[in-house]
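Just below is one structure, and these are the notes that go with it.
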Amino acid sequence: MMQKLPTWADVVLVPLISLLLAAFVSALVLLAIGQSPSEALKVMVEGALVSPYGWGYTLYYATSFIFTGLAVTIAYHAGLFNIGAEGQAQLGGLGVALVCLALPWPHWTLALPAAMVGAALFGAAWAAIPAYLQAKRGSHIVITTIMFNYIASALLIYILVEVLRPDGQMDPASARFPAGTKLPTLHEIPGLSLIFTKQVPANVTLFIALAACVVIWAILWRTRLGYEIRAFGKSEAAARYAGISPVKVTMIAMLISGALAGLMAINNVMGESERLLQNASEGAGFIGIAVALMGRNHPLGVLLAALLFGFLYQGGAELGLWTSIPIELRTVVQGLVILFTGALDQMVRMMLGVVFRTRRPQAA
Amino acid sequence: MQGQGTLGRQASAAPFAIELRGISKAFGPVQANKDISIQVAKGSIHGIIGENGAGKSTLMSILYGFYKADSGEILIDGKPTTIPDSQSAIRAGIGMVFQHFKLVQNFTVLENVILGAEEGAMLAPSLSKARKVLGDLAREYELDVDPDALIEDLSVGHQQRVEILKALYRQADILILDEPTGVLTPAEADHLFRILNGLKDQGKTIILITHKLREIMEITDMVSVMRRGQMVATVTTAQTSPEELAELMVGRKVLLHVHKDPATPGAAVLEVENLRVVDDQKVERLRGISLTVRAGEILGIAGVAGNGQSELLEVLGGIAKGSGTIRLNGKELDLTGKFSDGRSRRADGIAHVPEDRQVLGLIMDFSAWENVAFGYHHAPEYQKNALFMDNDAIRADTEKKMATFDVRPPIPTLAAKNFSGGNQQKIVVAREIERNPDLLLIGQPTRGVDIGAIEFIHKQIVALRDQGKAILLVSVELDEIMSLSDRIAVMFDGRIMGERDPATTNERELGLLMAGVGGESA
Amino acid sequence: DPAIIFDLGGKFDKSFNEAAFNGATKWAQETGGTFKELEMQSEAQREQALRRLAESGANPVVMTGFAFGDVLNSVAPDFPDTKFAIIDVDWLDQPNILQIAFSEHEGSYLVGMMAGLASKTNTVGFVGGMDVPLIRKFGCGYAQGVKAVKPDATVILNMTGTTPAAWNDPVKGAEIAKAQKSQGADVIYAAAGGTGVGVLQAAADEGILSIGVDSNQNYLFPGKVLTSMLKRVDNAVYEAFKAGADLETGKVKVMNLASDGVGYALDEHNAALVTPEMKATVDAAAEKIKSGELVVHDYMSDDTCPAATF
Amino acid sequence: MDYATFLQILDTTVRLATPLLLACLAGLYSERAGVFDIGLEGKMLMAAMTSAAVAALTGSVWVGLAAGILGALLFALVHGLASITFRGNQLISGVALNFVASGITVLIAQDLFGQGGRTPPLSGGARFNAISLPFVDSLSVVPILGPMYREVISGHTFLVYVAAALVPATWWLLYRTRFGLRLRAVGENPASVDTAGVSVIRLRFTAVLITGVLCGLAGAYMSTGLQAGFGREMTAGRGYIALAALIFAKWRPWQALGATMLFGFFQALALRPDVIAKTGLSIPVPALDALPYILTVVVLAGIVGKAIPPRAGGEPYVKER
Ligand SMILES: Nc1ncnc2c1ncn2[C@@H]1O[C@H](COP(=O)(O)OP(=O)(O)OP(=O)(O)O)[C@@H](O)[C@H]1O
Ligand SMILES: Nc1ncnc2c1ncn2[C@@H]1O[C@H](COP(=O)(O)OP(=O)(O)OP(=O)(O)O)[C@@H](O)[C@H]1O
Ligand SMILES: [Mg+2]
Ligand SMILES: [Mg+2]
């Protein structure tokens with residue numbers, strides 16, 4: 001029997017303990033392959049959090065994860081499990097590339113809004129088909145979005161190789177974007193450049209991501225649309241009773257979700273690589289799932305979880321650079337975090353339930 | 001108390017088929033069963049009654065090993081028996097027909113019957129044996145079903161037979177039936193009772209859970225009454241009366257009739273002509289309904305559950321699509337297109353208290369204030385500006401409505417799931433009635449609601465009528481229909497069988513119509 | 001310390017990256033020095049890896065593969081004091097970059113001759129990795145070599161894919177090899193990084209001969225690998241490491257047959273397969289190429305091939 | 001395309017369809033029992049690594065096979081714990097385990113062999129070798145069928161024939177035995193099984209463990225049959241294609257054979273751009289790669305017959321709210 005936990009325990013304690021469990025198992029894995037967990041942690045912390053350089057990367061990754069985390073979050077509130085953020089982010093990258101390459105942009109302030117529209121449109125379009133199939137034909141969105149991830153990657157390979165690759169270039173990538181599309185990095189922003197004294201990949205997209213957190217929060221809890229999305233996500237039957245159109249909510253929620261996932265491309269494609277590469281999203285769509293889960297599907301939580309995963313990602317990269325621990329440790333840790341926060345959370349709750357049950361009589 | 005009578009028999013007669021001692025069971029914070037003891041004599045039909053949520057199903061599920069009791073003991077034929085799972089219950093000779101059938105929809109009857117009672121690792125021998133046994137049982141007890149039919153193609157009545165066959169195939173001596181007649185027409189119910197009497201004559205023991213006092217009086221030997229998780233009495237049926245049972249059930253004298261003045265009907269508000277609804281499985285659930293509700297009157301729709309009442313409410317409320325014509329105050333409503341949704345209906349002046357508040361009427365995880373805006377979240381007074389909702393305004397409105405309807409506790413931020421059923425219903429009724437609609441659709445207004453709330457809700461309905469509003473009331477409780485309605489229409493199999501004046505009709509006449517016997521319309 | 005970044009196949013691809021790794025290890029063993037190393041996992045990491053190594057003070061920074069070209073071009077100016085060396089690239093123009101290009105067509109020509117001489121079916125195969133001009137350069141040189149000894153021979157050319165995944169798909173390599181065998185090929189040249197291991201494996205299983213690439217792969221399936229086209233990436237890396245901070249940059253260094261940058265492998269594992277006549281024929285051609293008497297057409301010079309169509 | 005080429009492509013099809021078929025049948029058991037499993041990929045990968053690693057260390061492919069099965073079983077067990085015992089989200093558990101498998105296989109292989117997450121190449125008794133079926137030579141003279149028998153049917157490794165045999169075996173188990181009846185029932189309506197006195201938990205765990213065993217076979221085939229050694233991410237999305245095939249097959253064993261053969265055929269075709277080019281059609285290779293996924297979406301959209309999953313699928317069985 002499930003013991004009901006106090007809300008604070010559910011919101012704070014459960015993710016925290018899940019995280020600790022994931023860390024514990026990761027440490028066991030490290031010990032098993034003959035590495036020192038404390039050494040690994042030290043490298044990760046130093047590489048990701050101690051220097052402005054580390055923060056530059058941690059924030060860069062976090063920016064991407066905020067977008068995909070929010071994408072998963074808004075779909076989740078509509079009762080839809082969007083596993084397709086990865087494919088949507090890839091298509092978003094295509095949108096960014098097409099916009100950036102279309103014109104000799106004079107200044108980034110002009111290119112950025114246009115690229116955002118491109119990213120959001122392409123991401124949303126890629127979410128639209130699974131959404132439509134779910135809304136109209138009841139095709140399970142989890143499976144269709146998985147399929148669409150693969151279709152996206154095949155499509156992108158085709159476009160990069162056959163269409164966007166400039167003559168004479170060997171790697172499957174688009175041409176470099178014109179100089180006028182270069183987004184200022186934190187190093188180039190007055191004020192912040194005092195902290196970030198060297199070139200870092202984190203760029204103005206970070207502020208767009210923060211704004212997106214606020215916007216998504218406002219949509220979900222302050223607008224009729226958000227109200228309808230949440231109601232529909234809790235009970236489709238009741239939503240129908242209240243005159244909320246399942247098709248409309250499913251479509252809109254997924255379109256927003258896809259647009260958010262697509263917007264991630266502003267960060268990595270426009271802000272960092274400045275050209276479209278194959279598999280540019282690098283699994284950030286999947287990490288979005290973990291970020292949303294950890295963040296309890298709340299924009300503030302997503303922000304914090306994105307920072308955590310940004311740390312994991314950057315710290316993991318540093319492990320790959322400076323230790324003999326393969327970078328794949330990062331994937332293992334991510335998997336464990338998802339496992340413990342998303343699938344074994346009930347186990348944590350049960351454990352806590354026992355604690356709270358034994359504690360209560362003493363307190364009374 | 002008459003309950004002592006049973007104890008008196010203990011010394012002389014054979015051991016009880018079943019004896020439960022001190023059974024308790026909690027689901028989290030809900031104490032579903034509290035220290036329950038009951039004895040059931042061998043070869044008898046023992047009734048159990050109680051309001052919704054009294055704990056009847058829980059108790060029987062414990063006996064069947066589906067749930068584990070927190071404490072207490074079970075004696076079968078006088079021997080203490082532990083029933084940790086259903087397998088043990090089956091071994092102890094207990095069979096149970098659940099309130100919600102436990103059948104595999106896309107299996108055949110035969111496959112469902114042998115499931116869990118196979119003869120060996122191979123299916124073939126089990127199937128041929130079951131085919132033969134089923135033939136025998138069918139002859140013996142009038143339990144015909146096609147052994148090769150898929151469950152999903154069978155009517156509920158037949159599905160129930162499969163459940164009974166399952167139990168008999170496992171050679172159950174003790175048969176538990178949980179509200180078996182809720183889904184049956186009176187004729188099917190009579191058939192069932194013949195079967196039960198036949199089984200009783202064979203020496204089998206039967207426990208029957210039902211809400212219907214008539215059935216208790218008709219078929220049981222003894223009856224136990226439960227209230228709020230406790231066993232309040234066990235009496236010999238012959239020595240009690242429906243009134244006494246009702247009083248035991250709710251814990252105080254029941255008001256049989258609602259006080260109301262005669263109706264003064266005005267112009268027709270709702271006119272329905274030849275309304276048809278086809279469900280997802282392509283089954284026609286409404287087969288040409290025509291009816292009229294006028295201002296200032298309550299039209300009651302009586303009928304056994306599942307005869308199209310839900311579909312009628314849903315199509316009127318904009319949840320389901322249909323064909324035919326519906327006019328509200330003379331204006332024809334959209335039945336299939338863009339405006340055939342709940343939002344349009346509300347805009348047209350139709351309020352709807354749905355039959356199932358937990359599934360339709362409320363979002364259980366939403367707070368009370370969010371639920372008060374539910375369906376009316378587009379209302380201008382709930383908006384701050386073009387973009388944002390005015391949550392403060394909704395909370396203020398909620399406080400007001402909670403005060404008017406005496407919702408307890410009056411905390412707008414409390415989640416709906418944390419209110420009791422009666423208070424949940426009050427929130428829904430408050431939300432819909434306070435909108436001052438021209439037409440109120442109200443389904444099962446008092447299902448699972450305690451008696452105080454029943455009276456209150458009934459009064460609100462009558463008050464709305466007296467303001468000159470039209471009300472369409474659907475209820476499976478004949479008493480409620482009889483006491484509230486100004487006119488009664490009886491539904492059977494998607495049709496209106498006839499209309500009666502509550503002043504001149506009686507339960508017997510309505511019961512016949514509900515069974516599809518002797519209606520005037522086809 | 002010097003540093004090296006390996007491309008997607010990873011330093012144990014038994015081929016291109018492994019050759020680079022061997023060069024680095026050789027330097028470390030000889031000098032007792034240490035070097036930083038890094039394996040790419042994805043396209044998008046290239047820039048971070050490069051910057052991080054440059055920032056850490058590594059000098060020179062060597063990277064294997066043309067895929068780094070574009071990224072290096074934008075990173076190098078930010079680290080004017082760091083020297084970079086990049087293999088398989090010759091189109092950049094930065095003062096602190098040394099570009100190292102190999103004449104793979106020449107080496108491929110030699111192993112093509114070997115294949116032509118060893119083939120009994122008059123049909124030989126070529127399995128390329130990612131379909132890019134560089135790999136066509138291998139294929140084209142190979143085809144010219146085959147035709148030089150057997151003008152009527154058939155050369156089946158297949159590429160594994162169009163993305164970097166093509167460097168690391170042994171299953172596909174094996175299946176393509178099997179397909180080529182069924183089309184009659186009895187010698188198959190794999191120029192496909194990690195994918196080539198699958199080609200060599202399948203060829204060994206099917207009882208035909210294969211030709212390795214970049215590193216000496218003869219030992220992988222002794223008696224089954226006819227020879228290996230050596231691309232002395234190991235030497236390139238070794239020399240870059242040895243030069244250290246004094247590495248001469250701002251130019252393209254061409255490593256060809258004459259400078260021992262490419263060649264073919266002969267050792268105890270394939271001694272039985274290479275007859276003295278074969279060796280003599282091939283060595284003679286090699287001398288002619290070195291002397292400039294024989295010019296092997298370079299596909300990348302004009303994107304055409306006289307001996308094969310892609 | 002001439003007959004020999006056609007046979008050659010079919011031969012490749014059989015080889016490439018085998019891991020899909022094994023994984024698809026694996027998924028069938030779990031999903032028929034009501035436990036969704038998008039973690040087929042991870043289990044295969046894990047099995048591929050453990051089997052190749054142990055085969056490399058012991059020199060015996062049989063010990064390797066056993067290790068592969070154990071590796072996949074370990075993951076199946078975690079999935080069972082998460083989704084059956086602790087009633088967690090089955091989809092999330094699957095996603096998570098795929099992540100873990102993707103990373104931990106490399107960590108372990110790197111720790112054991114220090115070759116960048118690869119195992120050394122397997123040879124001799126450490127891998128499955130092709131089996132020549134009887135009468136290959138004498139039957140070769142039979143027109144059409146003779147070459148077909150020689151090229152397509154004969155000459156595969158042990159696990160290919162195991163996979164083929166598993167199709168009728170699964171059908172028989174599912175539709176002719178008590179276990180199959182219960183398994184199907186628990187995926188449709190676990191309460192029916194529970195009230196019939198059969199443990200839902202045990203049934204589902206059994207199914208999930210069978211899934212583990214079959215994924216073990218699929219992964220072991222990848223690294224010791226199809227290839228000779230493990231390499232990082234070597235399953236390359238085959239677990240997801242198998243899942244797609246399972247939907248395409250509407251959760252039925254014979255149709256699973258058909259679906260995986262079809263998808264295997266696409267993969268085989270994608271390896272032969274020369275053959276496609278000769279047909280005059282210009283189908284880009286990425287389009288062929290994407291075809292299984294597109295077909296699955298088409299099926300899911302109900303355009304080619306609707307795929308109705310087991311009704312209780314994806315939902316943990318909760319008796320008490
Ligand atoms: N599986 C369960 N999990 C949690 N709570 C439950 C469960 N089943 C029943 N309850 C709760 O236990 C109480 C008793 O329920 P039970 O179903 O036994 O009532 P009942 O008398 O059969 O009512 P009804 O007439 O509506 O069938 C109710 O409050 C109900 O909400
Ligand atoms: N089905 C309907 N029935 C009645 N009125 C409607 C209906 N749909 C829309 N309207 C009215 O038309 C106007 C514009 O519709 P619209 O759908 O844009 O509503 P809205 O207030 O913007 O809500 P939302 O932002 O949730 O879509 C609203 O003022 C609404 O009252
Ligand atoms: Mg609107
Ligand atoms: Mg009940």
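In what follows, chains carry the letters A, B, and so on, assigned in the order in which the sequence lines appear, proteins first and then strands, with residues in each chain numbered from 1.
Within the 4.5 angstrom heavy-atom criterion, only side-chain atoms of Val78(D), from C-beta onward, approach chain A. Heavy atoms closer than 4.5 Å to chain A are found nowhere in Leu291(D), neither backbone nor side chain. In this structure, no portion of Phe340(A) lies under 4.5 Å from any heavy atom of chain D. Residue contact with chain A, scored on non-hydrogen atoms closer than 4.5 Å, is absent for Ile241(D). Contact annotation for Phe81(A): only side-chain heavy atoms (C-beta onward) come within less than 4.5 Å of a heavy atom of chain D. At a 4.5 Å heavy-atom cutoff, the contact between Ala32(A) and chain D is made by backbone atoms alone. With a 4.5 angstrom heavy-atom cutoff, Ile146(A) touches chain D only via side-chain atoms. Neither the backbone nor the side chain of Ile129(A) comes within contact range of chain D, judged by heavy atoms closer than 4.5 Å. Contact annotation for Leu293(A): only side-chain heavy atoms (C-beta onward) come within less than 4.5 Å of a heavy atom of chain D.
Looking at every heavy atom in both residues, Gly237(D) comes nearest to Tyr150(A) through CA-OH, 3.5 Å. Taking all atoms of both residues into account, the shortest heavy-atom contact from Asn89(D) to Ala343(A) is O-CB, 4.0 Å. Nearest heavy-atom pair, Ala301(D) versus Ser139(A), reported as atom, atom and distance to 0.1 Å: CA-OG, 3.5 Å. Shortest non-hydrogen contact noted between Ala96(D) and Leu339(A) is CB-N, 3.4 Å. Of all non-hydrogen atoms in Arg87(D) and Gln346(A), the two that sit nearest each other are O-NE2, 4.1 Å. Ala244(D) and Met147(A) make their closest contact through CB-CE, 3.6 Å (heavy atoms, listed as atom of the first residue, atom of the second, distance).
For the atom pair CZ of Arg232(D) and OG1 of Thr331(A), the computed distance is 9.5 Å after rounding to the nearest 0.5 Å. From Leu112(D), atom CG reaches atom CD1 of Ile33(A) across 10.0 Å, with rounding to the nearest 0.5 Å. Atom OH in Tyr240(D) sits 10.0 Å away from atom CD1 in Ile143(A) (nearest 0.5 Å). Glu233(D) CD to Glu328(A) CD: the interatomic distance, rounded to the nearest 0.5 Å, is 8.5 Å. A distance of 7.0 Å separates CG of Leu344(A) from OG of Ser93(D), quoted to the nearest 0.5 Å. Once rounded to the nearest 0.5 Å, the distance linking CG of Asp289(D) with CG of Leu155(A) reads 12.5 Å.
Under a cut-off of 6.0 angstrom, the local environment of OH in Tyr76(A) is sparse, with at most 12 non-hydrogen atoms contributed by other residues, nucleotides or ligands. Within 6.0 Å of OH on Tyr132(A) lie no more than 12 heavy atoms contributed by other residues, nucleotides or ligands.
In this structure, the side chains of Ile83(A) and Ile38(D) come closer than 4.5 Å at one or more pairs of heavy atoms. Residues Phe99(D) and Val332(A) fail the side-chain proximity criterion, which asks for heavy atoms closer than 4.5 Å.
When the candidates Leu329(A), Val29(A), Val142(A) are compared by the number of heavy-atom contacts under 4.5 Å with chain D, Leu329(A) comes out ahead.
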